[in-house]
Asks: 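Encoded as structure tokens, here's the structure I'll be asking about.
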Number of protein chains: 2
Amino acid sequence: MRDDLHATATRRLRRVSQRYTSGRRVLVEVLAAAEHPLTIPEIVELDASLATSSVYRNLAALEQAGIATKIVTSQEHARYELSEDFGHHHHHLVCIDCGRVSDFTLPAGVEQELDAALRRAARKEGYVHDTHRLDLTGTCPECQ
Amino acid sequence: MRDDLHATATRRLRRVSQRYTSGRRVLVEVLAAAEHPLTIPEIVELDASLATSSVYRNLAALEQAGIATKIVTSQEHARYELSEDFGHHHHHLVCIDCGRVSDFTLPAGVEQELDAALRRAARKEGYVHDTHRLDLTGTCPECQ
DNA sequence: TTTTGTTCTGGAAATCATTCTCAGAATGGA
DNA sequence: TCCATTCTGAGAATGATTTCCAGAACAAAA
């Protein structure tokens with residue numbers, strides 16, 4: 001499982017002529033271990049061996065390779081998580097107060113219907129559909 | 001219609017002890033005339049009488065009063081549009097390439113089912129549900 | 001293994017969207 | 001009119017992110 005993750009990461013980076021260095025491997029492991037999307041300061045704090053500028057650079061590389069996903073909210077820092085195809089399709093619950101992001105999923109039926117409707121909508125506007133993003137905003141248990 | 005818009009804006013600003021000044025009125029008119037969410041540079045270019053720092057301050061005020069909504073993407077600039085209750089419930093199609101944002105809607109049935117499912121999901125995670133945001137990303141006709 | 005050309009690294013400097021500051025202007029009520 | 005409050009705009013400050021650059025790590029070939 002973990003090996004598979006690294007093997008896939010290597011392959012995807014190679015596809016864009018990039019190397020799977022130790023720094024990038026650490027990033028992937030930190031993201032894999034996290035149970036919710038992390039900001040860069042959080043990541044650097046979790047592993048002090050990482051240099052901030054390299055983390056920015058490497059997360060961009062991982063994102064470009066399709067290994068990580070960037071989540072932008074109104075909060076000051078962006079957040080990162082492993083791409084969905086390393087886990088499962090899910091959405092985000094963003095706390096308006098503290099910025100914390102939790103994952104949640106929708107019942108398969110709802111998800112399918114939604115996806116079909118989105119596909120239709122994109123086509124109608126002439127867009128080539130890529131992905132969708134569904135966020136819920138609210139107040140998390142701790143901030144209530 | 002337009003009068004109603006301004007009357008509502010006045011009321012909502014007053015509710016948070018703020019005034020509906022001419023600069024804010026211009027902003028509301030620019031947003032009402034736009035057929036897609038605008039960035040601040042775009043707004044300033046549309047009406048040269050607006051000072052950039054005031055536009056930032058006033059859009060924040062309009063957002064706080066529930067008159068405008070801020071849309072954050074990975075693009076460099078945030079975008080603003082009038083709140084949904086001045087128009088209709090809709091979602092956004094974001095072009096990965098140029099950052100352009102278009103509006104689209106889902107069939108009412110899908111929307112209802114989705115909303116119910118989201119409400120359930122929020123409750124399950126212990127969040128107090130506020131709103132949701134659904135974005136489609138893809139490539140717009142012009143960038144293909 | 002040495003060579004060679006490429007990609008990485010980290011610290012510091014640069015960028016740039018956004019926010020803040022402040023002195024004067026506009027506003028609304030008494 | 002006077003007072004207290006809120007606004008305004010220009011520029012300075014902030015701060016997340018990006019870029020630079022000189023040296024390190026790497027991969028492939030000889």
Side-chain angles (χ1 to χ4, degrees), chain A residues 6-7 9-28 30 37-65 67-80 94 98-99 101, chain B residues 6-7 9-28 30 37-65 67-80 94 98-99 101:
Chain A
H6 291 308
T10 305
R11 197 175 338 112
R12 292 194 187 175
L13 280 167
R14 205 166 262 155
R15 199 188 294 157
V16 289
S17 323
Q18 301 217 309
R19 295 168 185 163
Y20 195 35
T21 63
S22 62
R24 291 175 182 180
R25 181 179 295 261
V26 170
L27 274 178
V28 167
V30 168
L38 301 174
T39 64
I40 280 163
E42 283 171 350
I43 293 171
V44 171
E45 186 160 14
L46 282 172
D47 191 315
S49 75
L50 297 169
T52 301
S53 66
S54 297
V55 173
Y56 273 102
R57 195 189 321 103
N58 288 333
L59 283 174
L62 293 179
E63 191 191 14
Q64 193 196 331
I67 298 166
T69 305
K70 183 182 189 177
I71 303 165
V72 197
T73 66
S74 274
Q75 303 299 124
E76 47 193 3
H77 291 279
R79 288 173 180 273
Y80 289 85
V94 183
C98 67
V101 176
Chain B
H6 291 309
T10 304
R11 197 176 336 114
R12 292 195 186 174
L13 280 167
R14 205 164 263 156
R15 198 187 297 157
V16 289
S17 322
Q18 300 216 310
R19 295 168 184 163
Y20 195 36
T21 62
S22 62
R24 293 175 181 180
R25 180 180 295 261
V26 170
L27 275 179
V28 167
V30 168
L38 302 174
T39 64
I40 280 163
E42 283 170 349
I43 292 171
V44 171
E45 186 159 14
L46 281 172
D47 190 315
S49 75
L50 297 169
T52 301
S53 64
S54 297
V55 172
Y56 274 101
R57 193 186 324 103
N58 287 333
L59 282 175
L62 293 179
E63 191 192 13
Q64 194 197 331
I67 298 165
T69 304
K70 182 182 190 176
I71 303 165
V72 197
T73 67
S74 273
Q75 303 299 124
E76 47 192 2
H77 291 280
R79 288 173 180 274
Y80 289 85
V94 183
C98 67
V101 176

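Nothing here was measured: the structure is a model prediction, and the numbers come from that model. Below, chain A is the first sequence line, B the second, and so on; all start at residue 1.
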Asks: Does A/His77 place a side-chain N or O at less than 4.0 Å from the phosphate oxygens OP1/OP2 of D/dG15?
Replies: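 No, no such contact exists.
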
Asks: What is the separation between atom CD1 on B/Ile71 and atom C1' on C/dT18, rounded to the nearest whole Å?
Replies: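 My rounded result for the distance is 17 Å.
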
Asks: Between B/Ile43 (CD1) and C/dT18 (C1'), how many Å, whole number?
Replies: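 Distance check: B/Ile43 CD1 to C/dT18 C1' gives 14 Å.
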
Asks: Evaluate the side-chain proximity of B/Leu50 to B/Asn58: yes if any heavy-atom separation is below 4.5 Å, no if none is.
Replies: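 SC-SC contact between B/Asn58 and B/Leu50 ruled out.
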
Asks: If you apply the rule side chain to side chain contact (heavy atoms under 4.5 Å, CB included), what do you find for B/Leu62 with B/Tyr80, and how did you get there?
Replies: CA-CA 10 Å; B/Leu62 293 179; B/Tyr80 289 85; over 6 Å; no

Asks: Quick one: B/Gln75 CD to C/dC16 C1', roughly how many Å, whole number?
Replies: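 About 15 Å, once rounded to whole Å.
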
Asks: Whole angstrom is fine here: how far is it from CZ in B/Arg25 over to C1' in C/dA26?
Replies: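 B/Arg25 atom CZ is separated from C/dA26 atom C1' by 15 Å.
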
Asks: Rounded to whole Å, how long is the line connecting atom CD1 of B/Ile40 with atom P of D/dG9?
Replies: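 It works out to 14 Å between those atoms.
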
Asks: Would you name the heavy atoms of B/Val16 and B/Ala65 that are closest together and state the gap between them?
Replies: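 Between these two residues, the closest heavy atoms are CG2-CB, 4.1 Å.
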
Asks: Heavy atoms under 4.0 Å, any strand shown: does B/Ala78 hit a base, just sugar-phosphate, or nothing?
Replies: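 Sugar-phosphate: the residue B/Ala78, judged by heavy atoms under 4.0 Å, touches backbone atoms but no base.
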
Asks: Would B/Arg24 and B/Thr21 count as a side chain to side chain contact (heavy atoms under 4.5 Å, CB included) here? Give the steps.
Replies: CA-CA 5 Å; B/Arg24 293 175 181 180; B/Thr21 62; 3.4 Å; yes

Asks: Between P on C/dT18 and CZ on B/Arg79, what's the gap in Å once rounded to a whole number?
Replies: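 The distance from CZ of B/Arg79 to P of C/dT18 comes to 11 Å, rounded to the nearest Å.
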
Asks: Return the value, rounded to whole Å, for the distance between atom CD of A/Glu76 and atom P of C/dT19.
Replies: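 Atom CD in A/Glu76 sits about 11 Å away from atom P in C/dT19.
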
Asks: Any pair with a residue in residues 43-58 of chain A that passes salt bridge (charged side-chain N to carboxylate O under 4.0 Å, His left out), sequence neighbours left out, goes on the list, sorted by first then second residue, please.
Replies: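 Passing the test, one end in residues 43-58 of chain A: no pairs.
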
Asks: Any side-chain N or O of B/Tyr56 under 4.0 Å from OP1/OP2 of C/dT19?
Replies: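 For C/dT19, neither OP1 nor OP2 has a side-chain N or O of B/Tyr56 closer than 4.0 Å.
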
Asks: Can you name the nearest heavy-atom pair linking A/Pro37 to A/Glu42, along with the distance?
Replies: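 Reported closest heavy-atom pair: O-OE1, 4.1 Å.
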
Asks: Could you run down nucleotides 8-13 of chain C 5' to 3' and tag each one B, S or - for protein heavy-atom contact under 4.0 Å?
Replies: SBBBB-

